[in-house]
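A short worksheet on the structure shown next.
Index from 1, following the sequence.
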Amino acid sequence: MEKKFQLGDVVVMIADGPKMAVEGYALNEDNTESDDYVSVVFYTGDSFKRETFHQDLLLFIDEVESA
C-alpha cells in the first residue's frame, strides 16, 4: 500500500533517525506535488532543520512504537 503522509504527521527515518514532522510533499520542477519526496522538519539538539527525504525511508511513528 502506498503511504500518504499528511501535514503534521510525525515520522521516523528507517535507520533509527530523529522524530520528524511532515511539512508536505516536495514540489516537482513544474510545481506539482511529488509522489515520492516528503519535506520534513526535525530538531537536531540545538536547532531545527528542514530536509527532503524519499517517503520509502520514513515510517509513521506508530509503526515504530508498536514494533
Side-chain angles (χ1 to χ4, degrees):
M1 183 175 100
E2 182 180 326
K3 293 179 184 173
K4 187 66 178 171
F5 296 109
Q6 302 290 324
L7 175 67
D9 282 344
V10 177
V11 293
V12 177
M13 283 281 291
I14 288 175
D16 196 29
K19 291 183 181 178
M20 305 173 178
V22 171
E23 283 194 309
Y25 283 80
L27 296 179
N28 296 316
E29 289 180 10
D30 60 358
N31 281 339
T32 58
E33 196 174 72
S34 170
D35 290 333
D36 298 314
Y37 290 92
V38 180
S39 176
V40 295
V41 174
F42 56 99
Y43 189 65
T44 62
D46 59 351
S47 63
F48 283 94
K49 193 169 182 181
R50 175 178 287 115
E51 285 202 29
T52 302
F53 296 101
H54 194 283
Q55 69 173 354
D56 288 348
L57 296 176
L58 302 172
L59 296 170
F60 288 103
I61 191 72
D62 57 352
E63 291 181 89
V64 177
E65 291 176 346
S66 64

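At least one donor-acceptor pair closer than 3.5 Å links the side chain of Asp30 to the backbone N or O of Thr32. A donor-acceptor pair under 3.5 Å is formed between the side chain of Tyr25 and the backbone N or O of Phe5.
What you find for Val38 and Gln55 is that their closest heavy atoms are CG2-CB, 3.7 Å. Of all non-hydrogen atoms in Glu23 and Leu7, the two that sit nearest each other are O-CD1, 3.1 Å. When all heavy atoms of Leu58 and Met20 are compared, the pair lying nearest together is CD2-SD, 4.0 Å. Nearest heavy atoms, Lys49 versus Thr44: CB-CG2, 3.8 Å.
The CG atom of Asp9 lies 9.0 Å from the CG atom of Asp62; values are rounded to the nearest 0.5 Å. Note that the CD atom of Glu33 and the CG atom of Asn28 stand 9.0 Å from one another [nearest 0.5 Å].
The hydrophobic cluster containing Val22 does not contain Tyr37, counting ILVMFWY residues as joined when their side-chain heavy atoms lie under 4.5 angstrom apart, directly or transitively.
Phe42 and Phe53 have tilted rings, their planes meeting at an angle from 30° to 60° on a 0 to 90° scale.
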